[in-house]
**Student:** 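Take this structure, written in structure tokens, and hold onto it; I'll ask about it next.
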Amino acid sequence: MMLTVEISMYPFNEDYKRPILGFIEKLNTYAGLRVQTSATSTLVVGEHEQVMSVLTQLLAWSHAQFGKAVYVVKFIPGFEPD
């Protein structure tokens with residue numbers, strides 16, 4: 001099943017751009033995902049299991065690299081944007 005996830009990251013860090021850009025850069029290294037970034041959020045589209053696995057890995061990686069952050073996420077199962 002395809003899964004679309006819209007994710008916004010709010011780091012607990014005065015230098016908030018570095019963790020956000022690092023998260024997006026790392027996200028773009030995974031083959032098989034479509035990543036579309038806008039000013040307020042990032043869309044991740046792919047097979048459900050892969051998307052969830054990647055997000056699990058990235059949340060742990062991001063916390064280890066940059067510390068605490070809040071993530072606001074919307075999951076849309078079975079939807080693939082044009």
Side-chain angles (χ1 to χ4, degrees):
M1 168 180 62
M2 292 301 288
L3 175 64
T4 296
V5 176
E6 180 182 16
I7 185 167
S8 298
M9 179 185 185
Y10 301 93
F12 281 79
N13 189 327
E14 287 184 29
D15 180 21
Y16 63 91
K17 287 184 182 180
R18 193 169 64 87
I20 293 169
L21 294 174
F23 187 91
I24 293 168
E25 182 179 313
K26 183 82 165 169
L27 184 58
N28 279 305
T29 66
Y30 291 88
L33 297 180
R34 245 177 56 207
V35 179
Q36 181 181 347
T37 304
S38 72
T40 59
S41 65
T42 298
L43 284 180
V44 182
V45 182
E47 286 296 327
H48 180 272
E49 288 189 25
Q50 182 186 16
V51 171
M52 296 303 289
S53 175
V54 166
L55 290 179
T56 298
Q57 293 171 39
L58 280 180
L59 291 176
W61 174 85
S62 180
H63 183 73
Q65 292 293 311
F66 304 111
K68 292 181 183 177
V70 171
Y71 299 86
V72 177
V73 184
K74 298 176 188 174
F75 296 94
I76 311 168
F79 176 74
E80 187 175 355
D82 297 328

**Student:** Under the rule for side-chain contact (heavy atoms from CB on, under 4.5 Å), what residues qualify as partners of Gln36, not counting sequence neighbours?
**Tutor:**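 Scan of Gln36 (side-chain contact (heavy atoms from CB on, under 4.5 Å), adjacent residues dropped) gives Leu43.
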**Student:** Between Ile20 and Val35, is there a shared hydrophobic cluster once you connect ILVMFWY residues whose side-chain heavy atoms come closer than 4.5 Å?
**Tutor:**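 As far as the 4.5 Å side-chain criterion goes, Val35 and Ile20 are connected within one cluster.
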**Student:** Please tabulate, one pair per line, all N/O donor-acceptor pairs under 3.5 Å involving side-chain atoms of residues 57-70, not counting sequence neighbours.
**Tutor:**
| residue | atom | partner | partner atom | Å |
| --- | --- | --- | --- | --- |
| Gln57 | OE1 | Tyr30 | OH | 3.1 |
| Gln57 | NE2 | Ser53 | OG | 3.1 |
| Ser62 | OG | Tyr71 | OH | 3.0 |

**Student:** Give me each pair satisfying salt bridge (Lys or Arg N to Asp or Glu O under 4.0 Å) with a member in residues 54-66, each pair once, sequence neighbours excluded.
**Tutor:**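 Salt bridge (Lys or Arg N to Asp or Glu O under 4.0 Å) check on residues 54-66 returns no pairs.
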**Student:** Minimum heavy-atom separation for Tyr16 to Pro19, with atom names?
**Tutor:**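 So the minimum-distance heavy-atom pair works out to O-CD, 3.2 Å.
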**Student:** Same cluster or not: Val45 versus Phe75, using hydrophobic residues (I, L, V, M, F, W, Y) connected whenever any side-chain heavy atoms lie under 4.5 Å apart?
**Tutor:**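 In one cluster with Val45: Phe75, no.
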**Student:** Is it the case that one hydrophobic cluster holds both Leu3 and Leu33, taking links as side-chain heavy atoms less than 4.5 Å apart, direct or via other members?
**Tutor:**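 Linked within one cluster.
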**Student:** With the 4.5 Å side-chain cut-off for hydrophobic clustering, are Met52 and Val44 part of the same group?
**Tutor:**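 Yes; tracing contacts between hydrophobic side chains, which count when under 4.5 Å, links both residues.
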**Student:** Using the rule that Ile, Leu, Val, Met, Phe, Trp and Tyr join whenever any side-chain heavy atoms are under 4.5 Å apart, tell me whether Met9 and Leu55 fall into a single cluster.
**Tutor:**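 Same cluster.
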**Student:** Among pairs that include at least one residue of residues 39-50, which meet side-chain hydrogen bond (donor to acceptor under 3.5 Å, both in side chains), considering only residues two or more places apart or in two chains?
**Tutor:**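 Sorted result for residues 39-50: Glu6-Ser41.
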**Student:** Sorted by first residue and then second, give each salt bridge (Lys or Arg N to Asp or Glu O under 4.0 Å) pair with at least one member in residues 57-66; sequence neighbours left out.
**Tutor:**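 Every pair satisfying salt bridge (Lys or Arg N to Asp or Glu O under 4.0 Å) with a residue in residues 57-66: there are none.
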**Student:** Quick one: side chains of residues 21-28, donor-acceptor pairs under 3.5 Å with protein atoms, not counting sequence neighbours, listed by atom name and distance.
**Tutor:**
| residue | atom | partner | partner atom | Å |
| --- | --- | --- | --- | --- |
| Asn28 | ND2 | Ile24 | O | 3.0 |

**Student:** Applying salt bridge (Lys or Arg N to Asp or Glu O under 4.0 Å) as the test, list every pair that has at least one member in residues 29-46; sequence neighbours left out.
**Tutor:**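 Salt bridge (Lys or Arg N to Asp or Glu O under 4.0 Å) check on residues 29-46 returns Arg34-Glu80.
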